[in-house]
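First comes the structure, then the notes that go with it.
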There are 2 protein chains.
Amino acid sequence: MTTINDIAKMANVSRTTVSRALNNSGYVSEDVRKKIMSIVEETGYMPSVSAKSLRTKRSGVIGIILPRISTETASRLVNGINDVLSKQGFQILLTDTELQKDKEIEYIRLLKSRQVDGIILSATNINDELLQTIQDVDLPFVSLGQDFPGVTSVVYDDYAASVDVTNMLIQKGYDKIAFIGVGEEDPSVGYERKQAYLQTMAKHDLPVQDHWVETGDFSIESGYEGMKRILQNHDAQPNAVFAVTDRMAIGAMEYLKEQGYKIPEDVAVTGIGASVMSKYVSPSLTTVDYFNKEAGEEAARALLGQLQGKNTSKKIKNSYRLILRDSV
Amino acid sequence: MTTINDIAKMANVSRTTVSRALNNSGYVSEDVRKKIMSIVEETGYMPSVSAKSLRTKRSGVIGIILPRISTETASRLVNGINDVLSKQGFQILLTDTELQKDKEIEYIRLLKSRQVDGIILSATNINDELLQTIQDVDLPFVSLGQDFPGVTSVVYDDYAASVDVTNMLIQKGYDKIAFIGVGEEDPSVGYERKQAYLQTMAKHDLPVQDHWVETGDFSIESGYEGMKRILQNHDAQPNAVFAVTDRMAIGAMEYLKEQGYKIPEDVAVTGIGASVMSKYVSPSLTTVDYFNKEAGEEAARALLGQLQGKNTSKKIKNSYRLILRDSV
DNA sequence: CTGAAAGCGCTTACAG
DNA sequence: CTGAAAGCGCTTACAG
């Protein structure tokens, strides 16, 4: 391994000067600079990041905590984050909690010990311990998808989007709308979307049967099972179902098709997420585009802002768009 | 930030001893160890990774180079890699070439300078400069999906899988089989799969019209366009099409459906990849499962092996499985 | 079983 | 414009 000392020797200067030339800090005469640079070029020298980081307390690495690494949403987020960050010379350190919430805390600590310069967290829940940990690490921090009090957060307008979906369904004449959600410990996906549905139904004086409201776990399978349980009760069958994620909506569609229900004639279906799949299932799925990639970019930009000292906790609400397709 | 010196002071021992207690290296009396550990616990001390890495020349980070971060295949690979690596205390540093092949070389160098302990590369092409770079960095290295001479490679059996797909089509009675591939600078996806198709057709004395063989770029859109061009010529229309990726197959299906062709009655369609989507499009897509997650695990294990000094370049062929569904 | 000292490869006041 | 020196937080021979 060639080090800064080797370069210094070869160029007949001190390593101080080499460092200055490399980092464009302080004065270095043109001649010397050129000489150094050409030697760097020749040798393919690259500064040791650990030495640099030990000295400067900055690593050039941003930690990202995701609930699931292998989902379309995660991919898009990472894509957006990476686009913005890599342009500024930052690298990404990815961690995957696999939906275990104690891991969120564990990874925040781990990333801190890895000297990351900042953290972007896509959480599936909010709790005091987590909040406390975020305070403790005292690092530039952005929450993505959940609104953490006192923490810069890039959020989706879950409530408004779900109101829009429900209203759209109602306007199209559906009056018996079922719902497949996720657990309410997830404020954004679990709580907000459900409240929006419930309150919009109430606003229109549309009754909601108890057995119309089901809870899944983000998986296609759980959408299938949820739909099954909803239709088990033959008395009061819904004529539409609002699933809070595309995957669960697609699971619901599977069950409906299997049972010979026509979509949307017998039961209309909607999702959220605008997955690629939603476009290619039959019938194509009405859904909401959350612009995940843009949200990732937003989060990265917010983090960059904090890195440059603008230390105000901000709330950024990303936009969304209803995509009307054949399942309604 | 509390450092090893702080802990040493608090425990009335030298930092040498603290280091030994922390790393279970050398002798430390039970009493002292307990004392140190309780102080570590209390303070929440975490060793500085950069200092450690500067000293030991190991970072605990593995670099991964992907052609596209936001695809299902990439997600599954990363998932598998992460599963294996995180258990051994390794972190992942992800980079995305966005299909630009000069970036593969750039990222290998970058990762090296970041002191990663090893690299896993999922390349879309093979060339001498790339090969040279891999030699130069002289790091534990695993190629995933391409067979690099002299480099440990985890590969899919592209040839055999594509022979199987073609044979299956032929056995089902399809005799006019078109093909949508990708550029041949990609040995695995571009070259191998095409050769398998061509040679299997030849073996069965089935003619292949020139205009039946199209080249896409992995995108759904390019599958759509490829199918369109193939059917443009009304003289010799195929009764099946073998697309080398699910996404292109789904694009082809879109065009077929749009034009009123029945699948599989008029034209059968097959893909490769076993994407989630392939199961939920209508008709469901016949495809090949490449067990990407397992391949990722394999690659991680191979890398771990090299990290432990077993420095033999190995070739690992991952298995695959044909999934017969309704599009054939 | 424990500690003093050297050194990993950088950057950054400080001095000239 | 340039350099000597200190120091970042660790680990690891070496000595006892």
Side-chain angles (χ1 to χ4, degrees), chain A residues 1-37 39-40 43-61 89 91 109-117 139, chain B residues 1-37 39-40 43-61 89 91 109-117 139:
Chain A
M1 271 278 306
T2 88
T3 72
I4 196 171
N5 282 309
D6 302 329
I7 306 293
K9 241 171 263 171
M10 290 165 124
N12 282 316
V13 294
S14 72
R15 60 168 179 261
T16 309
T17 305
V18 177
S19 173
R20 278 198 278 257
L22 253 26
N23 298 297
N24 288 311
S25 58
Y27 300 97
V28 181
S29 70
E30 243 340 271
D31 282 4
V32 175
R33 178 186 304 278
K34 269 185 196 150
K35 193 168 173 191
I36 291 173
M37 285 319 195
I39 293 176
V40 166
T43 56
Y45 163 74
M46 306 221 66
S48 153
V49 174
S50 9
K52 193 168 188 158
S53 148
L54 174 59
R55 188 50 233 247
T56 59
K57 307 286 170 207
R58 317 180 85 256
S59 61
V61 175
Q91 289 293 310
R109 296 231 176 87
L110 179 76
L111 289 170
K112 167 85 173 184
S113 85
R114 290 232 163 239
Q115 259 83 43
V116 297
D117 294 338
L139 231 43
Chain B
M1 269 279 305
T2 89
T3 73
I4 196 171
N5 282 310
D6 302 328
I7 305 293
K9 242 171 260 169
M10 290 165 126
N12 282 314
V13 295
S14 73
R15 61 168 179 263
T16 308
T17 304
V18 176
S19 172
R20 276 199 278 257
L22 252 27
N23 298 297
N24 288 310
S25 58
Y27 299 97
V28 182
S29 70
E30 245 337 273
D31 282 5
V32 174
R33 179 188 304 278
K34 268 185 196 149
K35 193 168 172 189
I36 292 174
M37 284 320 194
I39 294 176
V40 166
T43 54
Y45 164 74
M46 305 221 68
S48 153
V49 174
S50 9
K52 193 168 190 158
S53 149
L54 174 59
R55 188 49 234 247
T56 61
K57 308 287 170 206
R58 318 179 85 256
S59 61
V61 175
Q91 289 293 311
R109 297 231 174 88
L110 179 77
L111 289 170
K112 166 88 172 181
S113 84
R114 291 232 164 238
Q115 259 84 41
V116 297
D117 294 337
L139 232 43

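So you know, we letter chains A, B, ... as the sequences are listed, proteins then strands, and number each from 1.
Comparing B:Ala51 and B:Val32, the nucleotide of DNA chain C nearest to each residue sits closer to the 5' end for B:Val32.
Listed pair A:Thr17 / D:dG3 meets the phosphate criterion, a side-chain N or O lying under 4.0 Å from OP1 or OP2. Side-chain N/O atoms of A:Ser48 include none lying less than 4.0 angstrom from OP1 or OP2 on C:dC8. The side chain of A:Tyr45 contributes no N or O atom lying less than 4.0 Å from OP1 or OP2 of C:dG9. Between A:Ser29 and D:dC1 there is no side-chain polar atom (N or O) within less than 4.0 angstrom of OP1 or OP2.
Between the P atom of D:dC1 and the NZ atom of A:Lys35 lies a distance of 17 Å, rounded to the nearest Å. Atom NZ in B:Lys57 sits about 12 Å away from atom C1' in D:dC10, given to the nearest Å. Nucleotide C:dT2 holds its P atom 13 Å from the CG atom of B:Asn12, rounded to whole Å. In this entry the distance linking CD of A:Glu30 with C1' of D:dC1 reads 12 Å, nearest Å. To the nearest angstrom, P of D:dC10 lies 18 Å from CZ of B:Arg58. Rounded to an integer number of Å, the gap from B:Met46 CE to D:dG9 P is 16 Å. Rounded to whole Å, atom P of C:dC10 lies 17 Å from atom CD of A:Gln115.
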query: What one-letter contact string describes nucleotides 11-16 of chain D from 5' to 3', where B marks a base within less than 4.0 Å of any protein heavy atom, S marks contact via sugar-phosphate atoms alone, and - marks no contact?
result: BB----

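Looking at residues two or more places apart in sequence or on another chain, you find no side chain to side chain donor-acceptor pair (under 3.5 Å) involving A:Asn12. Partners of A:Arg15 according to the salt bridge (charged side-chain N to carboxylate O under 4.0 Å, His left out) rule, which considers only residues two or more places apart in sequence or in another chain, do not exist here. The side chain to side chain donor-acceptor pair (under 3.5 Å) search around A:Thr2 returns none, not counting sequence neighbours.
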Pairing pattern in dot-bracket form [Watson-Crick, G-U; both distances under 3.5 Å; | = partner strand] for DNA chain C: |||.||||||||.|||

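How far CG of A:Asp31 is from NZ of A:Lys35: 9.0 Å, rounded to the nearest 0.5 Å.
Between the A:Thr17 side chain and the A:Val13 main chain, no donor and acceptor come within less than 3.5 Å of each other. The closest donor-acceptor contact from the side chain of A:Asp117 to the backbone of A:Arg58 lies at 3.5 Å or more, if one exists at all.
At a threshold of 4.0 angstrom between heavy atoms, the contacts of A:Val28 are confined to the sugar-phosphate backbone, with no base atom among them.
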Tabulate below the donor-acceptor pairs under 3.5 Å that side-chain atoms of residues 44-54 of chain B make, not counting sequence neighbours, or state none.
unit_1	atom_1	unit_2	atom_2	d
B:Ser48	OG	B:Ser50	N	3.4
B:Ser48	OG	B:Ala51	N	3.1
B:Ser50	OG	A:Ser53	OG	3.0
B:Ser50	OG	A:Gln115	OE1	3.3
B:Lys52	NZ	B:Asn23	OD1	3.3
B:Ser53	OG	A:Ser50	OG	3.1

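Taking the side chain as every heavy atom from C-beta outward, B:Asp6 and B:Thr43 never approach each other to under 4.5 Å. Contact check for A:Met10 versus A:Ile36: no side-chain heavy atoms found under the 4.5 Å cut-off.
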